[in-house]
Amino acid sequence: MLKKKYKILVLSDLKETTVATLQSTVNLAKTINGDVSFFYAKKASDVVVRDNQLSAMRSINEQYNSTDHIISNIIKPISKASNTKIKHSFSFGNVKNEIAKQIEEQQPDVIVLGKRKSKMINIIGDHITDFVLKNYKGLVLITTKNGEVTPVNSLTLGVLNEKKEFFHLKFIEDLIKNSQKTITPLTVAEKGNKEQAILASKEAIDFVPEQEGNEISYISKYLLKSNINLLCVNRATKGVRNVINKADVSLLLYTNK
């Protein structure tokens, strides 16, 4: 039984992927013994749209009550169905500043973001993913609507381009220990390179792209066919933004440090 209680922070924009993101987070929390906190930030300019002070205060109160109601309606059914406590909070102001404050206050072990569908910038709005990756050095889970992190008894992991050190990270050890323990190492090799990597006593699947630049698309198709529902990727991986944008499964971005 796990002793460490991991702190998981969900950063949401209350868009269409919110329910799937929260469900994935709850499943992860039950797998690795985690506490879940949900946070939403809204631009102050989207809240205060009236001229005089009295009207502005009334607008803030209305927005506060409305936002709390919306978040509660999303959280309560998931919390009840999973028997998982989910704390929630929100604030109005500069979105990035409010997120930075929340990260500083909570010191989470994992931050969860939802990925939007089929857009030029298809992650949570206002470049928040880039902001989080730049300013937060811990684990980041990016969930997809159609590739959510599944419950403990059916969690299937893939790991991209990694060495044995990956398996000695404490969080990864706990994740593997309490998952289905199915791990598929995936290696993108240079064309013509037949060297195979061996990880955790299993032969890695070696992708040799037919043309440069299509590796991730090819891997994404394989992931879906193989029912891999969580792909672990080192944040230092070359072209990690391409992986985030193109992969159709949930991603766990980590660092060896």
Side-chain angles (χ1 to χ4, degrees), residues 1-13 17-40 71 74-89 99 102-103 106-116 123-124 128-129 132-133 136-160 162 166-167 169-184 223-224 227-235 243-244 247-255:
M1 186 169 180
L2 296 177
K3 292 182 180 180
K4 178 178 174 60
K5 197 80 170 176
Y6 289 100
K7 292 186 288 185
I8 306 174
L9 173 61
V10 182
L11 299 178
S12 176
D13 57 5
T17 60
T18 300
V19 171
T21 298
L22 196 53
Q23 186 62 64
S24 286
T25 305
V26 166
N27 290 337
L28 178 68
K30 293 176 82 69
T31 302
I32 51 91
N33 190 32
D35 279 331
V36 180
S37 295
F38 181 98
F39 179 71
Y40 167 68
I71 294 175
I74 292 171
I75 287 177
K76 284 181 180 178
I78 297 174
S79 178
K80 184 177 179 180
S82 62
N83 193 29
T84 301
K85 183 178 180 180
I86 303 173
K87 295 175 286 186
H88 76 273
S89 59
I99 287 175
Q102 197 69 200
I103 294 173
Q106 294 202 29
Q107 295 291 306
D109 296 295
V110 187
I111 288 180
V112 183
L113 303 169
K115 180 177 177 180
R116 288 183 185 172
I123 313 295
I124 185 173
I128 295 304
T129 295
V132 170
L133 291 177
Y136 174 72
K137 304 306 178 186
L139 291 156
V140 177
L141 175 65
I142 299 178
T143 68
T144 62
K145 186 176 182 180
N146 298 319
E148 72 177 34
V149 177
T150 59
V152 60
N153 61 350
S154 59
L155 179 62
T156 307
L157 302 176
V159 54
L160 180 63
E162 198 42 80
F166 164 80
F167 295 94
L169 298 172
K170 176 60 178 170
F171 181 90
I172 301 300
E173 285 181 350
D174 288 342
L175 185 62
I176 294 171
K177 193 184 304 179
N178 294 275
S179 72
Q180 188 179 324
K181 299 185 181 179
T182 300
I183 305 169
T184 304
L223 294 173
L224 292 175
N227 295 318
I228 292 174
N229 42 51
L230 181 59
L231 179 62
C232 303
V233 183
N234 194 315
R235 287 167 57 150
V243 177
I244 293 172
D248 290 322
V249 300
S250 294
L251 302 174
L252 181 65
L253 306 179
Y254 68 93
T255 175

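In what follows, residues are counted from 1 in the order of the sequence shown. We use all heavy atoms of the structure for the numbers below, so side chains are in, but hydrogens, waters and symmetry mates are not.
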Can you confirm whether Leu9 sits close enough to Val110 that some side-chain heavy atom of one is under 4.5 Å from a side-chain heavy atom of the other? no
Quick one, Ile103 and Pro108 - any side-chain contact, counting heavy atoms below 4.5 Å? yes
Ser82 side chain vs Ile78 backbone, donor-acceptor pair below 3.5 Å: yes
Any side-chain to backbone donor/acceptor pair from Lys115 onto Ile244? Under 3.5 Å, distance only. yes
For residues Ile142 and Leu253, determine if any side-chain heavy atom of one lies less than 4.5 Å from a side-chain heavy atom of the other. yes
What's the separation between atom OG in Ser79 and atom NE2 in His88, rounded to the nearest 0.5 Å? 11.0 Å
On a heavy-atom basis, the closest approach of Ile71 and Tyr40 is CD1-CB, 4.1 Å
Please report the interatomic distance OG1(Thr25) to CZ(Phe38), rounded to the nearest 0.5 Å. 9.0 Å
For Thr18, check side chain to side chain donor-acceptor pair (under 3.5 Å) against everything at least two apart and list the hits. Ser12
Taking the side chain as every heavy atom from C-beta outward, state whether Leu230 and Val249 have any pair of such atoms under 4.5 Å apart. no
For the residue pair Cys232 and Tyr254, establish whether any side-chain heavy-atom pair is separated by less than 4.5 Å. yes
Is the side chain of Lys5 donor-acceptor paired with the backbone N or O of Asp35 at a distance under 3.5 Å, no angle test? no
Is the backbone N or O of Phe39 less than 3.5 Å from a side-chain atom of Ser89, with the two atoms forming a donor-acceptor pair by type? no
So which atom in Ala29 and which in Val36 form the shortest heavy-atom distance, rounded to 0.1 Å? CB-CG2, 3.6 Å
So do Thr255 and Leu139 actually touch side chain to side chain, heavy atoms under 4.5 Å? no
Side-chain contact, heavy-atom cut-off 4.5 Å: Leu141 with Thr21? no
Sequence neighbours left out, what passes ring pair (Phe, Tyr, Trp, His ring centres under 6.0 Å) with Phe171? Give chain and number order. Tyr6
Rounded distance [0.5 Å steps], OG1 in Thr143 versus CG in Leu22: 9.5 Å
Of all heavy-atom pairs between Gln106 and Lys7, which one has the smallest distance, and what is that distance? O-NZ, 2.8 Å
Heavy-atom side-chain contact between Leu133 and Val140 under 4.5 Å: yes
OH/Tyr136 to CG/Leu11 distance, rounded to the nearest 0.5 angstrom? 10.0 Å
